[in-house]
Structure formats: structure tokens, C-alpha cells
Amino acid sequence: MTANTDHAHVRTGHGIPRWRDTSLDAGARADALIAEMTLREKIAQLFGVWVGASDEGGEVAPHQHDMEEAVDLEELLPYGLGQLTRPFGTAPVDPALGALSLMRTQRRIAAANRFGIPALAHEECLAGFAAWGATAYPVPLSWGATFDPALIREMAAAIGRDMRSVGVHQGLAPVLDVVRDARWGRVEETIGEDPYLVGTVATAYVQGLESAGIVATLKHFAGYSASRAGRNLAPVGMGARERADVILPPFEMAVRESGVRSVMHAYTDTDGIPSAADERLLTGLLRDAWGFTGTVVADYFGIAFLKTLHGVAGTFGEAAGAALAAGVDVELPTVKAFGDPLLDAVTGGMVPEALVDRAVRRVLVQKAELGLLDPDWSARPPALTGPGPHGREVPGAHGTPDPDAGTVPGPDAAPDDGAERGSVHLDPDANRALARRVAERAVVLLHNDGTLPLSPAHAPGRTAAPARIALIGPNAESRTAVLGCYAFPVHVGGQHPGIPLGIELPTLREALADEFPDSEIVVATGATVDGTGTDGFAEAAAAARDADVVVAALGDRAGLFGRGTSGEGCDAESLALPGVQQQLLDLLLATGTPVVVTLLAGRPYALGRAATGSAAVVQSFFPGEEGTTAIASVLSGRVAPSGRLPVSVPRHPGAQPSTYLAARLGHSSEVSSIDPTPAFGFGHGLTYTTFEWSALAADGHEAATDGEFGLEFTVRNTGPREGTELVQLYLHDPVASVVQPVQRLIGYVRLELEPGRAVRVRATVPADLASFTGRDGRRIVEPGELELRFSASSTDPRLVARVTLTGPVREVDHRRALHATFRTEDAPAR
């Protein structure tokens, strides 16, 4: 088919093509454009090209990845281009010059194809915009530790604004994988081990990102985290009910409630069916049942993996056809199966062109919604348009002549006004303050014998701060110890050792020195994160014996594919602390000096006798650029700890896989020598005050299977200072037609109370929350007895209501209620 832009059916009364007419809906515009495109032009919209922006402001250059051959842009661009892969996240580039480089490349792409269609640019944003100089926020496991969706929504909106300011359209986050085995290297990228927590926090993140105009991407759909033995990309061994009741609910919640516009398929296969070729998953469930209307994008190289790893396709053309038929719309990160192999498969009659049309319509609808098909579309991003927080006035803004319009500058072109190096700031003070708030709320106090807080200003009875603090451990002076594997300084910066980090990353030593100006801070590394050497033990022990308190800085080093102890491809054999850190910790405990174990990690670790024998245990999960400041403020008591565990901390390092969300046979048993009982259960976290829960009352103890329960109770701060209590509501179903977990989280609410203040909490619990997947695969609510447990953690129930559902078995679907609701009002003072 050839273009005929003068034909009446593709032009409006104003003489512009119908697909340019913003008065039409996006679907009509996409249909009009598809009618004018050749097969090759349609296919060109279905893949990305991996590029890197120029640090000189010139055009992007194709990224040479060791898994793919080089791409010839000159050959591809006349037909158009669907996406640009990670122009900022491939190599260090000044944000202003990166934005200029992307702008000039978009002009080149639009000028090269017949329709003037630009590419959609995507980036990683798992712990902030993955670009040089951008704010590094806490990792998703820390989001889960906050149990604060509103705060995570605020953070995501800030991330989205920064991405949008430099010309990015799509973010590859959040991860909705539910932790099933904490040995998996990507635990740090997850939100936790409970599907309700994951769903609520991830949905909030999507809402924030989408509010900034960024297309959020749910990943990895579905089951990636359930790989056998916690090995990355290993086969998934789970049944249909585990998938339906544990893995899928967070995705369902996000699709229903967040406005998400993209989903990424998982690498893995479940029961022999790779996700990328699973039509029942990507079309039958995601689209037909849940009503998702956005795009499905491939995890990087995932379509080619149908041939090279899964062996369900003999050629790349067959892989392309299988993915398209299943419902994958876009190949990322670069063109492989969706290029010539797909073209040949369609022209050869092996793949219906209708599948291409279906996918390209979804892509073009999204581009229309983003304004990329509008007649007044400009490649110039807000950061180069100014004035504003990210940039300043430049030619071309507000209708003034743009000297670059219509040109294709060479790679050495000089930046124009407003795009000088350093003129775009992606880590402003407001971002850092927000990163600090998230980090503070994510710090979890696991154990405390009264040693904390350390500052007399925040600890009644304490007369002075410690005169000498021994800071011991491999993370004492590591600037990147606060960062996960997808933070730019780790993910990309590690490959460019001569390039500055781009953001300020205070070490724990620096943070403690600022927090305790009158204390002497003595540092001894003791050991490396994962090394076997013990030469530093003697120095560490001497420093500990001479100190008033020891802060043991232990944990992980993030990396990729074996270059770290946590991160993608960095799976663990057991949950023992890496290297000789447990030996170091035991040595410190033996000195008799109070030891405050401080963890900067990407997963939970067993701590041996330190779990109860130390003075305190403070857990953080890669808390971001302000993480050490947050930890120091919790140690001093200036900030009251309010985080709760999003994953259980094991008592023994070898009892995996194990999560709190287990059936009776998954807990401790007299017939097994392995005890999976955690040292600290899911939802656990201490404060610097005390709370009393009392006076539980129910509106009634029976409700129909289509009804609801109403309950209320009082929570009072009985301690000396303000604090946060996290009320967690668990459901226990003692008898069901299929095996159920002993309990599962169905709701939670944060209560921030001043000393002496009490609130009456009212919870409304729909019967739908008791639903599960029955024997025939239908989701049902069964009559029978239930326990509603109002708890401080999965191991600490405070108030229990025994209630009964009455009436017939009731089938529910994706329209069922997903949430309990909580209301609070002040209770009378005593």
C-alpha cells in the first residue's frame, strides 16, 4: 500500500490528514494512519532501537549490545521507528545535553519517515529516573517497608516529572512480582512478599508516574519471581491457584485502579508456556477479562528467547508470530524478531497481517494520546523550553523562531542557548527532601534492648551521646551502599569508573558525624562485603572494645549478573550474610560492647545470635541517596522509626523458600528438621513508644457471602513520644475447599499518634476479601467461619474477631471488592 494523503477519507475539512486531527479520538486517528501505511512501515512501529544520547548534544548513537548485532539507523529510519531505548540510561550524559541529543534525534526520525512520526522514548525508573545526575530514591523493597502508598505516589510523580522534562515518554516500572524465595537476586526490585501490599503500593506508584504524563509499565507479567530455587530466569514451578491467588492479584489491582498504559511480559515459562507466547495470559486474562487497552512490551530480548532459550520457535519469524498472536505489541530493547523475520513471515503467509495491524493500532493510539501525532508536536522537551525548574529560555520557545527546525545537526554540533552543560538539574533540593522522607519511613527497627535512641535529646534518662562510636563493617564508608542495581551509578556508572557519581551520596560515617557532632567516630572496615579475608578482624575488635557503642554497617553490594551480592543475576545460595560478615558480627558481639546492627541490603538475611543478642537491629533496604542520613536520624532518635518489614527475616539461612504466606504444612513441623519460622515476621517493626489496642466490637458476627463486616477498636499511644502504629488486618480461613495460607493480609492503615492520644478505628470488610480460587478454577466466596486478625505483624495478632459467612457459595470476578476501608476518629482521653 502506498500513501495517498490527498484522498478524502484521510483528510479533514481543514485539509489536514485525519490522523493529525486532534478533534478525533485516538482510535480513529490510528485507523486513518494505518490505512496509509505499508506493511514495512507498520512493522517499524513495533520495535525499539537501543541508543545512547550524545554527551556533546549531537544525535544518539546505536548501542552495541553483546546479545545483538549493530543496527543501521540509516536503513531503518525511512520506514519510521517505534521506540528509542534508554537514551539517558545507557551511558553517562549531562541531562541538558542528553535532552538536546534526544530532541535532535527525534527531529531526524520524524523527518526521515513519510508521516513525520517520532519515536516513543523509554527509560528505567525503578528507584528514580535512571539517568546521570538524577535523584536516586530508595528501592521498591523500601517502598513496601513504608506501607505508605500516598508517599510512594508523591515520589513517583516527582520521578515522572523529571523524565517528562527531558523528553522521555515511558518508564519501565514498577515491578509487581511477589517475593516467593528471598534468595532471588531481584528481591530488592520487588515491593514485598504479600500480594495485597505489592498491589496497593505499586498501584500508587503507577498513579504518580501516569499523573506526570509518563506511561507506566507493569512488570514482569507474570510469575518471574516464582522461579525454582530463586535462580534468575529459571523455570517457574507453581500451580494455577498459586498463580491466580498470589502472583496475579497485584497486576489485577493496578490494571483496575491505576490507569496504567503498558505491561511487560515476563521472561519465564510456567508449566511449559513462556509468558511471551501465552495468549491466555496476555490476551484472554489481561485484555478480555480485565479490560486492559494499552500496549504489551517485551522484556529485553524476550521474543528472541522464544527461539534461543525456550525452544518453542524454530526461527525468529516463528518467535515473532507466536509473540504477536499471544498479544505482545512491541519488541524491546532493539529490533530482532520483529524486523525482517516478521516481514518475511507475513509476506510468506505464516503470520496474518491482521496481527500486525492489531499491534500497531495499540502503538499508534498511545502515540496519539501522548501528542506525538499532533500537528503542532515539537521535539523540544520542557527542560529546554523554560523558564522553569529544569531549564531556561531557549530559541524556539513560545513561538519564537527555532534555528534548529528542519535541520539534522551532525554529532559534533554545539549546544544551543539554554542547553549548556549543567543547566538541567534532575536532583534538586525538593527531590532530595522527598527521597529522605521515603528513606526515613522505610527504616525498620527490628530489635532494641533500650540502647536506641542514642541521643539524650530524644531518649529519656540518657545523659549524653556516646563519646566514641565504632563504625565497623564493609558498608561504613561505601557511597554506593545505599543504591540498588538499577540506580544509575551502579547500573551504568560502574562501567565508567572515571566519571563522577553525578549525585551526592553521603557515607554512613559522614552521616553519623553530622548526627553526632560531639562523638568520636572510629572506623574499621573489618572485611569486604563478599570477600573471605579476615585480616581486618583484629582492628575491628580493638575498635569495638574501645568504644561506647558499635554500629555494625553490614549488608550487600548491588550489581548485575554476578558483579554484586544483590541485583539482577545475583542470586544467593543461602540467606547467610555475604562473605565473612556473620563471623565479623559474632566477633563484635563477643567484645561485650553494645552492637547496633545496621543493614544496608537488598534482601533479608539471617543474623544468627545477633537477632536477639545484639543491642539493636536496624534494617534498611537500599534506602537511596538520603539513606545514610535517614539511618543516622533513626539511631539518634531525631526521627522515630516507622517502617515495617515487607519480607520476613529468616531465623536460619537455609530454610528457603519460605514466606509468611504459607499453608499449615509450610510452617514448622515435627516431621521436618528444617524450621522456617522467621526471626522477624512480615509486617514487624518497632517504634520508640508503646501502643495499647483495646475494646474490639463488631456490628454483628454474621454476614452473607455478598455482605460485609463492620468492626471497630481503639488504639492508644501509651508511651513517651509520638509514633506510628501500623494496623494490619489478616484473614484466617480455618476450613476451605482448597488449602489456604494460614493467614493473608487484606488491609492496613498507618496511625500517627502523639503521646496519650487515642483513636477509634472502624474497619469495613467486604466478604469479597475472603474469596479464593476454587477447585474448578473459579474465584469463589464460601460460607463458613473466619478469623479477622487485627495485628501489629504477621506474628503479633492483637485483637481477633471470629465471624461467619452465611448463604450459598458465591462466584466473583475482577469486579469484586479489593479493599477493606478504615475510618478513624479521636477516642475519649482517659
Side-chain angles (χ1 to χ4, degrees), residues 142 145 182 442-454 466 469-478 481-482 508-509 511-512 515 521-529 536-537 540-541 543-545 547-557 565-566 575-623 627-628 630-637 641 643-645 647-653 678-680 684-686 688:
S142 276
V443 174
V444 186
L445 178 60
L446 298 182
H447 165 70
N448 186 19
D449 68 359
T451 298
L452 298 183
L454 296 175
I469 299 173
L471 177 61
I472 298 173
N475 283 334
E477 294 192 284
S478 169
V482 294
L508 188 54
R509 179 190 63 78
L512 289 177
E515 193 71 26
I521 311 295
V522 178
V523 177
T525 302
T528 61
V529 167
F537 277 24
R545 283 191 292 268
D548 298 294
V549 66
V550 172
V551 174
L554 309 174
D556 279 314
R557 181 187 69 256
T565 59
S566 174
L575 294 185
L577 283 165
V580 294
Q581 291 185 71
Q582 185 66 56
Q583 295 172 244
L584 175 62
L585 178 54
D586 290 342
L587 177 70
L588 298 177
L589 293 172
T591 66
T593 304
V595 176
V596 177
V597 182
T598 306
L599 296 155
L600 296 124
R603 62 164 65 86
Y605 286 108
L607 301 173
R609 68 185 185 93
T612 54
S614 62
V617 180
V618 176
Q619 175 78 66
S620 71
F621 298 108
F622 290 142
T628 57
I631 291 169
S633 67
V634 168
L635 296 181
S636 75
R644 301 295 191 272
L645 282 176
V647 286
S648 305
V649 172
R651 187 179 305 275
H652 305 293
F680 305 103
H684 171 77
L686 303 177
Y688 289 152

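Positions are given from 1 along the sequence.
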So which heavy atom on [X] is nearest to which on [Y], and how close?
X	Y	value
T593	A547	CG2-O, 3.4 Å
V523	E477	CG1-OE1, 3.6 Å
P653	A576	CB-N, 3.4 Å
L554	G473	CD2-CA, 4.3 Å
R644	L686	NH1-O, 4.5 Å
Y688	L445	CE2-CD2, 3.6 Å

Just to verify, what does Y605 make a ring-ring contact (aromatic ring centres under 6.0 Å, His included) with, not counting sequence neighbours?
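Not a single residue meets the ring-ring contact (aromatic ring centres under 6.0 Å, His included) criterion with Y605.
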
Taking atom [atom1] of [X] and atom [atom2] of [Y], what is their separation to the nearest 0.5 Å?
X	Y	atom1	atom2	answer
L588	R545	CG	CZ	10.0 Å
I472	L584	CD1	CG	7.0 Å
L575	L607	CG	CG	10.5 Å

Close side-chain approach of [X] to [Y], heavy-atom, < 4.5 Å:
X	Y	value
F680	V444	no
V634	L452	no
P623	L600	yes
L635	E515	no
L508	N475	no
L599	L577	yes
S648	P604	no
D556	R603	yes

Could you walk me through whether L645 and L446 satisfy the side chain to side chain contact (heavy atoms under 4.5 Å, CB included) test, starting with their C-alpha distance in whole Å, then the side-chain angles of each, then the deciding distance to 0.1 Å, before giving a yes or no?
CA-CA 9 Å; L645 282 176; L446 298 182; 3.7 Å; yes

Just by distance, do the side chain of [X] and the backbone of [Y] share a donor-acceptor pair under 3.5 Å?
X	Y	result
R651	P678	yes
S142	F621	yes
Q619	T598	no

Those residues that, when tested against S614, pass side-chain hydrogen bond (donor to acceptor under 3.5 Å, both in side chains) (two or more places apart):
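Once residues adjacent in sequence are excluded, S614 has no partner under the side-chain hydrogen bond (donor to acceptor under 3.5 Å, both in side chains) criterion.
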
